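One structure is given here, and the rest of the page talks about it.
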Amino acid sequence: VHGAVRQPLYNSRGEVAGALLEDGTVVRVPAEVAQGRGDLFRPGARLAATGWNVEGDGGRALAAEALGENPQAMTPLPPQAEPGGQPPRR
């Protein structure tokens, strides 16, 4: 997905943990990933992401595995542990 950021999204601790794009797509990342890439999540910024997504009547949400300012400039994110501390399954 790619588009303009409408607003950043926050976790329960108030940390940036993703973005809502202008087309309504939700892009989620771990807060520690967003910390080092704050400019990508500010309103009006261009954001491109790939990863696991779910799409339905309620919209589209994506758990990002790579991010960038555009599809040609994306960098992979570190693998995230699943709940319980287990490494991600492929």
Side-chain angles (χ1 to χ4, degrees):
V1 299
H2 58 93
V5 173
R6 182 182 305 166
Q7 68 183 54
L9 299 175
Y10 299 90
N11 64 19
S12 61
R13 294 181 303 274
E15 302 164 320
V16 173
L20 175 64
L21 301 184
E22 289 292 341
D23 70 358
T25 300
V26 171
V27 177
R28 286 291 192 181
V29 298
E32 57 272 10
V33 169
Q35 254 182 349
R37 295 175 169 92
D39 285 350
L40 287 176
F41 300 100
R42 65 177 165 62
R46 302 297 299 174
L47 177 65
T50 60
W52 295 97
N53 71 66
V54 176
E55 194 166 346
D57 294 339
R60 179 170 43 176
L62 179 117
E65 294 182 336
L67 290 174
E69 291 181 7
N70 61 63
Q72 294 76 33
M74 289 191 288
T75 57
L77 303 180
Q80 299 301 308
E82 291 184 355
Q86 298 299 313
R89 289 178 282 196
R90 295 285 172 194

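The first residue of the sequence shown is numbered 1, and numbering continues consecutively from there. Predicted model, so just to flag it, every value in this text is computed and none were measured.
A chain of hydrophobic side-chain contacts below 4.5 Å, direct or via other Ile, Leu, Val, Met, Phe, Trp or Tyr residues, connects Val16 to Val33. Both Val29 and Tyr10 are assigned to one and the same hydrophobic cluster, defined by single-linkage of ILVMFWY side chains at heavy-atom distances under 4.5 Å.
Leu40 approaches Ala45 most closely through the heavy-atom pair O-CB, 3.7 Å. His2 and Pro71 make their closest contact through CD2-CG, 3.8 Å (heavy atoms, listed as atom of the first residue, atom of the second, distance). Nearest heavy atoms, Glu65 versus Trp52: OE2-NE1, 2.6 Å. Residues Glu22 and Arg6 approach most closely at O-NH2, 2.7 Å, considering heavy atoms. Closest of all the heavy-atom pairs between Ala31 and Glu15 is CB-OE1, 3.5 Å. Closest approach of Leu9 to Val27, counting heavy atoms only: CD1-O, 4.4 Å.
The closest side-chain heavy-atom distance from Leu21 to Val5 is below 4.5 Å. The shortest distance between side-chain heavy atoms of Val1 and Asn53 does not fall below 4.5 Å.
Sequence neighbours left out, not one pair with a member in residues 34-43 passes salt bridge (charged side-chain N to carboxylate O under 4.0 Å, His left out).
One distance of note links CG of Leu20 with OG1 of Thr25; it measures 8.0 Å at 0.5 Å rounding.
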